[in-house]
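What follows is one structure encoded as structure tokens, with my remarks underneath.
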Amino acid sequence: MSKDIIIAPSILASDFSRLGDEIKAVDQAGADWIHLDVMDGHFVPNLTFGPPIIKALRNITDKIFDAHLMVSNPDVLLADYAAAGANYITVHAEACAHLDRTLSHIRELGCKAGVALNPHTPANVIEHVIDRLDLVLVMTVNPGFGGQAFIPAMVQKIARINDIIDARDIVIEVDGGITADTVGAVVQAGADAVVAGSAIFRGDNQASYRDNIARIRDAARQVNRAL
Ligand code: DX5
Ligand code: ZN
């Protein structure tokens with residue numbers, strides 16, 4: 001039997017004026033992980049939040065904190081993200097001149113190490129750092145904004161990454177444009193975890209978040225059952 005998909009709501013799509021309540025709501029609504037989109041206004045045009053806010057949110061939920069660093073120089077603050085309570089720290093391959101060192105550092109800090117790949121970045125960049133990796137984050141939109149359309153050409157890349165990973169214990173996570181309509185293709189290609197922002201934080205209350213998560217989970221299960 002294949003395992004259930006991990007669903008990681010991205011709080012980027014939540015109401016930032018009520019961040020604590022929004023996290024409580026998705027936690028209760030069936031989220032597996034909480035996806036934290038850190039943007040620096042340099043690697044991506046947008047700006048969000050950093051370690052102090054993550055630290056404040058750590059008291060709200062016991063769920064795994066999945067920090068996605070869309071920043072140009074992640075090395076300078078890795079220790080702060082670890083101290084703030086991030087469980088997974090994912091850096092962009094395009095932002096790291098010394099990716100091997102950065103991934104090792106994340107593990108030395110006691111966190112799980114992830115690498116994110118922009119849509120144009122080839123799957124094989126993970127090949128020579130594979131023993132340093134706990135997670136590969138495949139971007140299915142160009143990072144920086146929520147609510148963008150899923151890029152279908154990424155499905156083939158997910159399958160390629162699945163081949164490279166082989167039997168290793170590395171999570172394949174997919175981020176961008178995930179809905180009940182797109183999740184099936186990424187699960188079929190080998191995704192273990194999906195991030196969803198706008199498809200989950202829709203309807204403004206816990207009951208609708210629960211329905212939105214359940215819809216994505218059901219669509220993923222249908223594919224998993226057939227695999
Ligand atoms: C995009 C972020 C995503 C984003 C996904 O730069 O990394 O996590 O919040 O949002 P949706 O699900 O709306 O595409
Ligand atoms: Zn993200």
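Here the structure is a predicted model, which is why all the values come from computation and not from measurement. Read the numbers this way: they start at 1 and go in the same order the structure lists the ligands and their atoms. Reckoned from all heavy atoms, side chains included, excluding hydrogens, waters and symmetry mates.
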**OP:** Could you please compute the angle at the Zn ion (ligand 2) from OD2 of D175 to ND1 of H68, rounded to 10°?
**Re:** 90°

Original post:
About how large, to 10 degrees, is the angle NE2 of H35, then the Zn ion (ligand 2), then OD1 of D37?
Top reply: 90°

**OP:** Determine the interplanar angle of the H92 and F43 rings, folded into 0 to 90°, and report it as parallel if under 30°, tilted if 30 to 60°, perpendicular if over 60°.
**Re:**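 Correct class here is tilted.
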
Original post:
Which one holds for S10 and ligand 1: side chain close, backbone close, both close, or neither close, with close meaning a heavy atom under 4.0 Å?
Top reply: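 The part of S10 near ligand 1 is the side chain, not the backbone.
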
**OP:** Report the C-alpha separation of E22 and Y209 in whole Å, then their side-chain angles, then the decisive distance to 0.1 Å, and conclude whether the side chain to side chain donor-acceptor pair (under 3.5 Å) test is met.
**Re:** CA-CA 10 Å; E22 291 279 73; Y209 299 167; 2.8 Å; yes

With heavy-atom distances below 4.0 Å as the criterion, list the atoms of ligand 1 near [X].
X	result
P143	6 (O)
H68	7 (O)
A196	12 (O)
M139	7 (O)
V195	8 (O)
H35	8 (O)

Is the shortest distance from a Lys or Arg side-chain nitrogen in [X] or [Y] to a carboxylate oxygen in the other one below 4.0 Å?
X	Y	result
D204	R18	no
D75	R101	no
R221	D4	yes

Decide whether an N or O pair under 3.5 Å exists between [X] and ligand 1.
X	answer
I178	no
G147	yes
M70	no

Original post:
So, R58 side chain and G85 main chain: donor-acceptor pair closer than 3.5 Å or not?
Top reply: yes

Among all the protein's non-hydrogen atoms, which is closest to [atom], and how far away is it?
atom	result
atom 5 (C) of ligand 1	D175 OD1, 3.6 Å
atom 1 (C) of ligand 1	F145 O, 3.5 Å
atom 6 (O) of ligand 1	G144 N, 2.7 Å
atom 10 (O) of ligand 1	G146 CA, 3.6 Å
atom 12 (O) of ligand 1	G197 N, 2.7 Å
atom 14 (O) of ligand 1	G177 N, 2.8 Å
atom 13 (O) of ligand 1	S198 OG, 2.5 Å

Original post:
How about H68 and M139: do any of their side-chain heavy atoms sit closer than 4.5 Å?
Top reply: yes

Subject >> CZ on F150 to OG1 on T182, rounded to 0.5 Å >> reply: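 Those atoms lie 5.5 Å apart.
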
**OP:** Enter the distance from R160:CZ to I165:CD1 here, rounded to the nearest 0.5 Å.
**Re:** 11.0 Å

Subject >> A199 to ligand 1, any heavy atom closer than 4.0 Å >> reply: no

Original post:
Does a donor on one side chain sit under 3.5 Å from an acceptor on the other, for T48 and D37?
Top reply: no

Original post:
Heavy atoms only: which of T179, D37, V194, T90 is nearest to atom 2 (C) of ligand 1?
Top reply: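 Among T179, D37, V194, T90, the closest heavy atom to atom 2 (C) of ligand 1 comes from D37.
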
Original post:
Are V186 and V138 co-members of a hydrophobic cluster defined by side-chain heavy atoms under 4.5 Å apart?
Top reply: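 V138 and V186: one cluster.
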
